[in-house]
Amino acid sequence: MSTKTLAPAAKPLRPLKGVRILSLALNLPGPAALMRCRDMGASCTKLEPPPHPSAPQGTSGDPMGLYNRAAYDVMHAGMKISSADLKTEAGQKALHKALAKTDILLTSFRPSALKKLGLEWKALHTQYPQLSVVAIVGAPGARAEEPGHDLTYLAENALVSGLDLPPTLYADMGGSLMASEAVLQARLLQLQKGKGVYQEVALSVAAGYLALPRTWGLTAPGAAVGGGHAGYRVYPCKDGRVAMAALEPHFAATLAAEVGLRQSHILAMFAPETHTAIAAYLAGKTRQQLDALAAAKDIPLYTMN
């Protein structure tokens, strides 16, 4: 066993310590954003709708609790969860009791639904001048009433290929990052202005932000990170695949030397013969050999089944 002493882990920053957040947001983007706020020290409370009368005891009113209870539990650990039907007088009373001691409200309803619940920004700001709101919507502005979900927002930003579903929920998770960022912005503006502010986060905008490299052409076929550079591609190897990321000149030079190529400058790495040589070299290596090569030669690669 090594006797080397490990450096202590850095103490996490908690910029939201003491900030009280009330969330009405369901499914994934809102709870994921709230999870990040919890990790930044916020005191998080969530008000969920009551579960369906036929649901088993202990069922969450958030659909995520049914889709994937394990994910729901991870996102809501350490939070206070209450249940209230906001369409009833009792539910509204519970909501406003919570709002009276809240710094930031997180929602994920369409504007028309917020209006029906008496949660329009103008009305809230009049009643609770110090309260800030971060509203997660599907699309910005006038499009906020349109139906949509992660898949449709990825599709409109050209992030869906063929008939395969994307490997993860990029728009939802990107939106959760933007929403937690909006909470930080709202809190900072609260402190600066002495009053609450309204922030809108659109999942379609989050998808568009994630798609920017594609929009700029960086990942277009033949571009540097679109398969044009021979050092940045996925290749087959003897018993699987290898994600090769030898993009920077020093990484490309090391890879070229290992393969037996004389040149590794940028034009050489785009040449068809370089692609052919690297592909042939990797096809003859096992994952174990390539993992060892990465460690010995400091080449960024990752082998896969």
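Residue numbers run from 1 in the order of the sequence given.
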Q. Which heavy atom in T102 sits nearest to a heavy atom in A98, and how many Å separate them?
A. OG1-O, 2.7 Å
Q.
Please find the pair of heavy atoms, one from G231 and one from M269, that lie closest to each other, and give the distance.
A. N-CE, 3.6 Å
(Q) Has D172 got a side-chain atom pairing as donor or acceptor with P29's backbone, closer than 3.5 angstrom? (A) no
(Q) Rounded at 0.5 Å granularity, tell me how far OG in S60 sits from CG in L26. (A) 8.0 Å
Q. Checking side-chain contact (heavy atoms from CB on, under 4.5 Å) against L165, which of L151, V160, L154 comes through?
A. L151
**Q.** Distance, nearest 0.5 Å, that separates CD1 of I136 from OG of S176
**A.** 8.0 Å
Q.
What I'd like to find out is whether the side chain of P249 reaches to under 4.5 Å of the side chain of S264, using heavy atoms alone.
A. no
**Q.** Y72 ring center within less than 6.0 Å of H76 ring center
**A.** yes
Q. What about Y232 and I266, same hydrophobic cluster or not, with Ile/Leu/Val/Met/Phe/Trp/Tyr joined at side-chain heavy-atom distances under 4.5 Å?
A. no
Q) Of the non-hydrogen atoms in A179 and V134, which two are nearest, and what is the gap between them? A) O-CG1, 4.0 Å
Q. Any sub-3.5 Å donor-acceptor pair from E258's side-chain atoms to A253's backbone N or O?
A. no
Q | S82 side, atom OG; L47 side, atom CG - distance, nearest 0.5 Å | A | 6.0 Å
Q: Answer yes if Y235 and L261 sit in the same cluster of Ile, Leu, Val, Met, Phe, Trp and Tyr residues linked by side chain heavy atoms under 4.5 Å apart, and no otherwise.
A: yes
Q. So, the side chain of Q130 versus the backbone of G196: is there a donor-acceptor pair under 3.5 Å, distance only?
A. no
Q: Quick one: pull up CG in L22 and CG in L24 and give me the separation to the nearest 0.5 Å.
A: 5.0 Å
Q: Kindly state each residue pair satisfying ring-ring contact (aromatic ring centres under 6.0 Å, His included) with at least one member in residues 262-305, sequence neighbours excluded.
A: H229-F270
Q) Is a side-chain N or O of N157 found less than 3.5 angstrom from the main chain of L159, in a donor-acceptor match? A) no
Q.
In this structure, would V74 and I81 fall into the same cluster of hydrophobic residues linked by side-chain contacts under 4.5 Å?
A. yes
Q) Under 4.5 Å between any side-chain heavy atoms of L184 and R187, yes or no? A) no
Q) Are any side-chain N or O atoms of Q289 and backbone N or O atoms of T286, one a donor and one an acceptor, separated by less than 3.5 Å? A) yes
(Q) Taking the side chain as everything from C-beta on, heavy atoms only, tell me whether L131 gets closer than 4.5 Å to L99. (A) yes
Q | In one Ile/Leu/Val/Met/Phe/Trp/Tyr side-chain cluster, 4.5 Å: L119, Y128 | A | yes
Q) With side chains defined as the heavy atoms from C-beta onward, is the minimum distance between L124 and V133 less than 4.5 Å? A) yes
Q: Output, in order, the C-alpha distance, side-chain angles, deciding distance and verdict of side-chain contact (heavy atoms from CB on, under 4.5 Å) for L86 and Q92.
A: CA-CA 5 Å; L86 302 186; Q92 282 287 315; 4.1 Å; yes
**Q.** Residue pairs involving residues 186-209 (criterion ring-ring contact (aromatic ring centres under 6.0 Å, His included); sequence neighbours excluded)
**A.** W121-Y198
Q. Could you give the distance from CG (L301) to CG (D291), rounded to the nearest 0.5 Å?
A. 7.0 Å
Q) Does R20 come within less than 4.0 Å of D103, counting only side-chain N to carboxylate O? A) yes
Q. For L212, does the CG atom sit with more than 12 other heavy atoms under 6.0 Å from it, leaving out its own atoms?
A. yes
Q. Within a strict 4.5 Å, meaning less than it, do heavy atoms of the M304 and V234 side chains meet?
A. yes
Q. Can you tell which of M40, R36, R38 makes a side-chain contact (heavy atoms from CB on, under 4.5 Å) with L16?
A. M40
Q) What pair of heavy atoms forms the shortest contact from G175 to L203, and how long is it? A) CA-CD2, 3.8 Å
Q: Determine yes or no for a side-chain-to-main-chain donor-acceptor pair under 3.5 angstrom, with S132 supplying the side chain and V197 the backbone.
A: yes
Q) Do side-chain atoms of T152 reach the backbone of G148 as a donor and acceptor pair under 3.5 angstrom? A) no
Q | Check: G91 main-chain N/O paired with T88 side-chain donor or acceptor under 3.5 Å | A | yes
Q. In chain order, what residues pass the side chain to side chain donor-acceptor pair (under 3.5 Å) check against S112, with sequence neighbours excluded?
A. E145
(Q) Go through it in stages, so that I can follow the logic: the residues are N305 and R287, the test is side-chain hydrogen bond (donor to acceptor under 3.5 Å, both in side chains), and I'd like the CA-CA distance, side-chain angles, deciding distance and then a yes or no. (A) CA-CA 9 Å; N305 290 326; R287 292 180 62 198; 2.5 Å; yes
(Q) Looking at D73 and R69, is any side-chain nitrogen of the basic one under 4.0 Å from a carboxylate oxygen of the acidic one? (A) yes
Q) Is any side-chain heavy atom of P31 closer than 4.5 Å to a side-chain heavy atom of M64? A) no
Q.
Pair Q185, Q199 - check side-chain contact (heavy atoms from CB on, under 4.5 Å), show working.
A. CA-CA 9 Å; Q185 293 172 336; Q199 298 272 80; 2.8 Å; yes
Q.
Under a 4.0 Å threshold between the charged nitrogen and the carboxylate oxygen, would D62 count as salt-bridged to K46?
A. yes
Q: Please answer whether the main-chain N or O of A25 pairs with a side-chain N or O of S23 as donor and acceptor at a distance below 3.5 Å.
A: yes
Q | Donor-acceptor under 3.5 Å (R214 side chain, A158 main chain) | A | yes
Q.
Nearest 0.5 angstrom please: L95 CG to D85 CG, how far?
A. 11.5 Å
(Q) Quick one, Q288 and T303 - any side-chain contact, counting heavy atoms below 4.5 Å? (A) no
Q) Heavy-atom count around E89 CD within 6.0 Å, excluding the residue itself: above 12? A) no
Q) Between R143 and E156, does at least one N-O distance fall below 4.0 Å, as a salt bridge requires? A) yes
(Q) If I compare all heavy atoms of A268 with all of T274, which pair ends up nearest, and what's the gap? (A) O-OG1, 2.5 Å
Q) Closest heavy-atom contact between P147 and Y153? A) C-OH, 4.5 Å
Q) Does the side chain of M35 come within less than 4.5 Å of M75's, by heavy atoms? A) yes
**Q.** Hydrophobic cluster identity match, L267 and I278, side-chain contacts under 4.5 Å
**A.** no
